[in-house]
Amino acid sequence: MARPCKVILVALLVAAMASPLVLAYDPSPLQDFCVADKASNVFVNGQACKDPAMVSAGDFAFSGLQNAGDTANPFGSKVTLVDVKAVPGLNTLGVAMARLDLAAGGLNPPHTHPRATEILTVVEGEMYVGYLDTNGTLFAKVLHKGDVFVFPKGLVHFEFNFGDCPAFGIAGLSSQNPGLVRVADSLFGASPAITNEVLAKAFRIDAATVQRIKAQFSTKK
């Protein structure tokens with residue numbers, strides 16, 4: 001009887017060690033679809049499901065990525081995001097996509113997606129892209145038409161068009177709601193504002209310079 005008991009004990013230990021790893025990932029969908037119910041007032045991790053009897057093909061469709069985004073802004077860039085808000089049928093499926101347009105000299109400024117890894121394909125033009133790892137090492141590359149680059153989940157990254165012609169790309173993201181944290185906007189355009197003293201010390205500049213930078217983000221959307 002001692003040997004079977006040892007086998008059972010080992011099995012229990014393996015299961016105990018494995019369970020935290022299993023719980024670290026989103027569960028697989030338990031039904032064919034769970035279309036987001038935009039009218040629901042229920043707060044869940046994701047979106048509440050619409051009654052399947054009310055679901056239509058339109059809940060899984062989106063139109064417009066063939067159109068260039070409006071890059072007439074200070075950054076010269078536009079991201080058209082296709083997430084669960086745009087396509088309710090993405091709810092629980094763990095994917096989203098986006099079109100990135102960059103005017104000549106345009107920049108998609110340093111930012112992170114806290115809930116998603118991103119994979120970018122350049123469709124037209126050229127882009128200088130890169131990301132920073134947690135050691136501060138820059139991984140950057142010039143991409144041409146047809147090239148692909150991956151930005152790991154949660155890491156700061158950017159895209160810049162140093163060419164004379166517009167560029168655009170299509171990105172896939174590993175979350176229905178990737179999230180977006182623009183580094184400069186978050187620090188200098190926070191509401192309520194981060195104190196000048198904190199930012200001055202963090203960036204090794206004086207409070208007057210901090211105030212001038214904050215003024216550039218006071219009208220951010």
Side-chain angles (χ1 to χ4, degrees), residues 21-73 75-103 106 108-124 127 129 131 148-159 166-183 185-186 189-191 220-221:
L21 299 177
V22 173
L23 294 174
Y25 295 90
D26 291 339
S28 299
L30 299 178
Q31 54 216 18
D32 290 343
F33 53 78
C34 172
V35 173
D37 184 358
K38 295 182 179 181
S40 175
N41 292 321
V42 176
F43 291 95
V44 295
N45 185 24
Q47 302 285 337
C49 299
K50 180 189 284 190
D51 182 345
M54 303 298 292
V55 170
S56 69
D59 291 316
F60 301 92
F62 178 88
S63 297
L65 285 189
Q66 76 277 13
N67 301 320
D70 183 5
T71 57
N73 56 67
F75 291 121
S77 65
K78 174 64 177 179
V79 175
T80 304
L81 180 62
V82 184
D83 61 359
V84 70
K85 295 178 183 177
V87 181
L90 286 176
N91 193 37
T92 76
L93 299 184
V95 293
M97 66 184 302
R99 171 174 173 146
L100 169 62
D101 285 278
L102 296 173
N108 190 18
H111 62 280
T112 73
H113 303 296
R115 293 180 289 274
T117 292
E118 176 181 347
I119 182 168
L120 171 70
T121 302
V122 176
V123 180
E124 292 291 346
M127 296 183 190
V129 308
Y131 74 86
V148 174
F149 199 83
V150 173
F151 306 106
K153 179 179 178 180
L155 297 185
V156 174
H157 59 283
F158 62 87
E159 297 93 3
F168 86 91
I170 297 294
L173 299 120
S174 62
S175 172
Q176 69 183 45
N177 183 25
L180 173 66
V181 180
R182 280 184 169 176
V183 177
D185 295 61
S186 297
S191 180
K220 78 180 184 68
K221 296 182 180 179

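Here, residue 1 is the first one in the sequence, and each next residue gets the next number. Keep in mind that the numbers below use all heavy atoms, side chains included, and drop hydrogens, waters and symmetry copies.
- Here the side chain of E124 pairs no donor or acceptor atom with the backbone of F168 at under 3.5 angstrom.
- Qualifying side chain to side chain donor-acceptor pair (under 3.5 Å) partners for R99, counting only residues two or more places apart in sequence or in other chains: D101.
- Here the rule is side chain to side chain contact (heavy atoms under 4.5 Å, CB included) with V129, and of L100, N108, L120, V122 only L120 fits it.
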Please set out all donor-acceptor pairs under 3.5 angstrom arising from side-chain atoms of residues 64-72, sequence neighbours excluded.
unit_1	atom_1	unit_2	atom_2	d
Q66	OE1	G64	N	3.2
D70	OD1	A72	N	3.0

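- One finds the CD1 atom of I119 at 10.0 Å from the CZ atom of F151 (value rounded to the nearest 0.5 Å).
- The shortest heavy-atom contact between Q31 and C49 is NE2-SG, 3.6 Å.
- Here the CD atom belonging to E118 is positioned 11.5 Å from the CG atom belonging to L155, to the nearest 0.5 angstrom.
- With hydrogens and angles disregarded, a donor-acceptor distance shorter than 3.5 Å links the side chain of N91 to the backbone of Q47.
- With hydrogens and angles ignored, the 3.5 Å screen pairs no side-chain donor or acceptor of S186 with any backbone N or O of V181.
- Residue F60 holds its CZ atom at 8.0 Å from CG of L93, rounded to the nearest 0.5 Å.
- Each of V87, D83, L81 was checked for a side chain to side chain contact (heavy atoms under 4.5 Å, CB included) with K85, and the lone residue meeting it is D83.
- In this structure a side-chain-to-backbone donor-acceptor pair under 3.5 Å is present from H113 to G179.
- Under the 3.5 Å distance criterion, the side-chain polar atoms of R115 are matched with a main-chain donor or acceptor of N177.
- More than 12 heavy atoms of other shown residues, nucleotides or ligands fall within 6.0 angstrom of atom NZ in K50.
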